[in-house]
Amino acid sequence: MSHEAREEELKVLAPELIEELKEKKEPDKGLPPLEMNGPLVMRFAPNPNGPPTLGSARGIVVNSEYTRKYHGKLIIRFDDTDPATKRPMLEAYGWYLDDCRWLGAIPDEVVIASDRIPRYYEVAEQLIRKDGAYICFCEQEVFKALKDAKEPCPHREQGVEKNLECWKKMLSGDYEEQEAVLRIKTDIAHKDPAIRDWVAFRIIKTPHPRPEVGDKYCAWPLLDFEGAVEDHLLGTTLIIRGKDLADSEKRQKYVYKYMGWTYPKTMHWGRVQIHEFGKLSTSGIKKAIAEGIYTGWDDPRLPTIRAIRRRGIMPEALRKFMIDLGLGETDISLSLDTLYAENRKLVDPVANRYFFVWDPVEMIIEGAEPKIAKAPLHPSRGGMREIPVGTAVLVCRNDVDTLKEGEKLRLKDLYNIQITGISPLTAKFIGTNMDLVKKEKARIIHWAPPDGLKVKVLSPDGEYIGIGERGIERELDKVVQFERFGFVRIDSVSGDEVMAYFTHK
RNA sequence: GCUCCGAUAGUGUAGCACGGCCAAUCAUGUCAGACUCUCACUCUGACGACCUGGGUUCAAAUCCCAGUCGGAGCACCA
């Protein structure tokens, strides 16, 4: 039956329902609702080996959005149990907390794994006593071969007593790195090789960067163990993590089973790639900063939250952007256009307008009296700015390249001119009437006074250097719009020099 | 090799647990137009998708099977 036929039929059968038929369903936006019984406790668990990135932002925002909505508890836990390979950065702990606050994700509790090592040792010992873990002395390749063949290694059944004895030696530093590990007994013949007898502790003699920890420990837990114990200690009821950690659940459940704990609910999301930034690893960025390729972790070319902030993206825009991504397990590859569009809606109504001429070319204007141009600070909010003009202005090279001799055009908020020469660039004053634009469809270009401020804009695709009108220096730390250029955040002002970070078009 | 995920317009999503109201939502993007002393904002219109093949059924984006493609894990990284 067609739609029309259906509708006709309904008119006869139940005319009162015809309106309902036409109603459109309003789908729920954003995150899927949670089915929870009992309190919601969630944790965001970064390794502070670099500053939070756009990827971290997803974790921060989604966790905080859920705990906010369901009156749950939000915990930030620093999974900093690798002093060597993914060595934490001391500054990064603060950066995470700062960026979380900026994003409106205020944690109810902050824990640092490296402060809680003794607790992990306790659980490890209990597991050994339950014969759920053993010290393994196999070399990595040897164990791998056995594991692939579903064969137990000789240490697997060496007995609880021997394991306890070796565990004590492991803790006291009697073994060297690579010599011994503590493995969780799972199922050596498990059909999924990723699950078979995984490593819970290894020996690292590199001191931890945190002075409070230093060289206190030489047996360090791996993520699966540390996370498993912490999620129980913290009372976590819902874990959202990347798909790459999906197997963790299967591994960690062995610990939970031995200990008689209840495993939290889990959700996963797929990998995120951002067009504008491609694949940048934390370690790669770190190296590039050291080499001077980037100015720092907040370089506008970097996908860190610090950089995004410096560029003038509002936290609400980033939150909405992340929430609208939802919670799919599909790997996504996204463009920041949507984030920019979201931010533009926030920033456009409040950003004052200014002229900034990049790649400036001087234009001599004949026949014009010096005057003070008056231009609105904002197209709809009122307020004026005043720009003194003499006998010359600066205009953009871009615009000059398209000009033809004899062409008439309007200098925005100033007056009309006619081009009399291209190189050198000269023009003559031809009046002030807007009819030139309205009736003759002349172009409008913007300009700047030759004695304006030196302005440098740092953007993801390079630097723009030029001259801006005076007044910009009063907008320090604010987002303004450079007309016909885009939005920027005024980052610093010193004397006649302004540095701005490009927000978006 | 073994194991686990996933697949809706250019991009991101809604719909899928309970098949019909899906001739498939919303946002962004692109194009066109209106407004505008900015290439911004706002408004209008247009464009554009159910991975493939089978099966079940009166009816499949939705359920089942196979395939294809993509991702991940099998680390003494997180």
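Chain identifiers are assigned alphabetically (A, B, ...) following the order of the sequence lines, protein sequences preceding nucleic acid strands; residue numbering begins at 1 within each chain.
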Among the candidates [options], find the nucleotide nearest to the side-chain atoms of [X].
{"X": "A:Q178", "options": "B:A78, B:C76, B:C74", "result": "B:C76"}
{"X": "A:R251", "options": "B:C77, B:U28, B:G73", "result": "B:G73"}
{"X": "A:R183", "options": "B:A78, B:U28, B:C76", "result": "B:C76"}
{"X": "A:D337", "options": "B:U13, B:A75, B:U28", "result": "B:U28"}
{"X": "A:R271", "options": "B:A72, B:C74, B:G29", "result": "B:A72"}

**Message:** Quick one, A:L182 and A:I128 - any side-chain contact, counting heavy atoms below 4.5 Å?
**Reply:**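 Answer yes - side chains close enough.
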**Asked** Looking only at atom types and distance, does a side-chain atom of A:T304 sit under 3.5 Å from a main-chain N or O of A:W297, one as donor and one as acceptor?
**Response**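 Such a contact is found between A:T304 side chain and A:W297 backbone.
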How would you label the contact of [X] with the nucleic acid (heavy atoms, under 4.0 Å): base, sugar-phosphate, or nothing?
{"X": "A:L325", "result": "sugar-phosphate"}
{"X": "A:C136", "result": "nothing"}
{"X": "A:T81", "result": "sugar-phosphate"}
{"X": "A:S248", "result": "nothing"}
{"X": "A:N47", "result": "sugar-phosphate"}

**Asked** Starting at the 5' end of RNA chain B, which residue's closest nucleotide do you reach first, A:T85 or A:E35?
**Response**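 Comparing both residues, the 5'-ward one is A:E35.
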List every contact pair, protein side and nucleotides 4-9 of chain B side both N or O, where the distance is under 3.5 Å.
residue: B:C4; atom: OP1; partner: A:K191; partner atom: NZ; Å: 3.0
residue: B:C5; atom: O2'; partner: A:E329; partner atom: OE1; Å: 2.7
residue: B:G6; atom: O2'; partner: A:T330; partner atom: OG1; Å: 3.4

**Item:** Atom pair distance, as rounded to whole Å: CG in A:D148 and P in B:G1
**Value:**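 After rounding, the gap between these two atoms is 14 Å.
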**Request:** Quick one: which residue pairs count as a ring-ring contact (aromatic ring centres under 6.0 Å, His included) with a foot in residues 314-336 of chain A, not counting sequence neighbours?
**Result:** none
**Asked** Can you give one letter per nucleotide of nucleotides 34-52 of chain B, 5' to 3': B if a protein heavy atom sits under 4.0 Å from the base, S if only from the sugar-phosphate, - if neither?
**Response** ---BBBBSS----------
**Whole-angstrom distance between B:C65 and B:A9, as gauged at atom C1'** = 28 Å
**Asked** Which whole number of Å gives the distance between the C1' atom of B:A17 and that of B:U28?
**Response**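 After rounding to an integer number of Å, I get 30 Å for this pair.
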